[in-house]
Amino acid sequence: MASTIFVLNGPNLNRLGSREPEHYGRTTLADIERLCRETGEDLGLDVEFRQTNFEGLMVDWIQEAGDVAQGLIINPAAYTHTSVAIHDAIRAAEIPAVEIHLSNVFARESFRHHSFVSPVAHGVICGFGATGYRLAIEALSDVIRT
Ligand code: CA2
């Protein structure tokens, strides 16, 4: 049976492609979803792709991923830097998680240098724009298989 991975996206990422192209490029979230589906198909993975602007809903989805999926890719967006709830949910889900950011957060403001998610992530990818999602799926696929 094919493995399922959740790809979860946090607040404001629904605006991708429309504003701040210097940080996030011109790619839309729909483009990224297509890229994730194509990559998942190539690797035999079922991809569940979602975005929310609500922290509690993100927690619900991480819990759901822990129940039904074999891996998680998450761009928590601003919640990266604030959310103990998301840290706790990922830890409790007990599936491998990849934290991803479009921009290189370490080349930006210092408040973006701390992540509550990194300590509970299997790995972190940042700074490669939409390509990072493809890299994250490939890496997670290897982790799930081994
Ligand atoms: O680089 C990333 O992927 C971030 O997770 C994006 C977050 C930011 O808070 C993190 O520090 C790094 C912000 C997402 C906001 O996305 C927008 C896209 C277009 C227009 C406005 C916001």
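Bear in mind that the values here come from a model prediction, so they are computed numbers and not experimental data. Both counts, for ligands and for their atoms, begin at 1 and track the order of listing.
Judged by distance alone, the side chain of H122 and the main-chain N or O of V98 form no donor-acceptor pair under 3.5 Å. A donor-acceptor pair under 3.5 Å is absent between the side-chain atoms of R112 and the main chain of H81, judged by distance alone. In this structure, E99 contributes its side chain and G123 its backbone to no donor-acceptor pair below 3.5 Å. Of the possible polar contacts, one joining the D31 side chain to the T28 backbone as a donor-acceptor pair under 3.5 Å is found. At least one donor-acceptor pair under 3.5 Å links the side chain of H113 to the backbone N or O of R108.
Considering backbone and side-chain atoms together, S18 places no N or O closer than 3.5 Å to any N or O of ligand 1. Close N/O approach between R108 and ligand 1 is not found [any backbone or side-chain N/O within under 3.5 Å]. Here's the thing with L102: one of its N/O atoms is less than 3.5 angstrom from an N/O atom of ligand 1. In terms of N/O distances under 3.5 Å, ligand 1 is approached by H101.
Protein heavy atom at the shortest distance from atom 13 (C) of ligand 1 is Y24 OH, 3.3 Å. The protein heavy atom nearest to atom 21 (C) of ligand 1 is E20 OE2, 3.7 Å. The single protein non-hydrogen atom nearest to atom 20 (C) of ligand 1 is R19 CB, 3.4 Å, given as residue, atom name and distance. When hydrogens are left out, the protein atom nearest atom 16 (O) of ligand 1 is N12 O, 3.6 Å; that is the closest non-hydrogen contact. In this structure, atom 1 (O) of ligand 1 lies nearest to the protein heavy atom S103 OG, 2.6 Å.
Here the straight-line distance linking atom CD of E33 with atom CD of E48 works out to 9.0 Å at 0.5 Å rounding.
With a 4.0 Å heavy-atom cut-off, ligand 1 is reached by no atom of T80. Under 4.0 angstrom from ligand 1, the non-hydrogen atoms of R112 all belong to its side chain. Neither the backbone nor the side chain of I100 comes within 4.0 Å of ligand 1, counting heavy atoms alone.
Near A78, the atoms of ligand 1 lying under 4.0 angstrom from a non-hydrogen atom of the residue are 9 (O). Each of the atoms 10 (C), 11 (O) of ligand 1 lies under 4.0 Å from some heavy atom of H81.
Aromatic ring orientation, F49 versus Y133: tilted (interplanar angle from 30° to 60°).
Placement of L35 and I100 in two distinct hydrophobic clusters is found when ILVMFWY residues are connected by side-chain heavy-atom separations under 4.5 Å, directly or transitively.
Using a 4.0 Å cut-off between charged nitrogen and carboxylate oxygen, E138 and R134 count as a salt-bridge pair.
By the 4.0 Å heavy-atom criterion, H23 is excluded from the residues contacting ligand 1.
Side-chain contact between N9 and I32 is absent, with no heavy atoms from C-beta onward closer than 4.5 Å.
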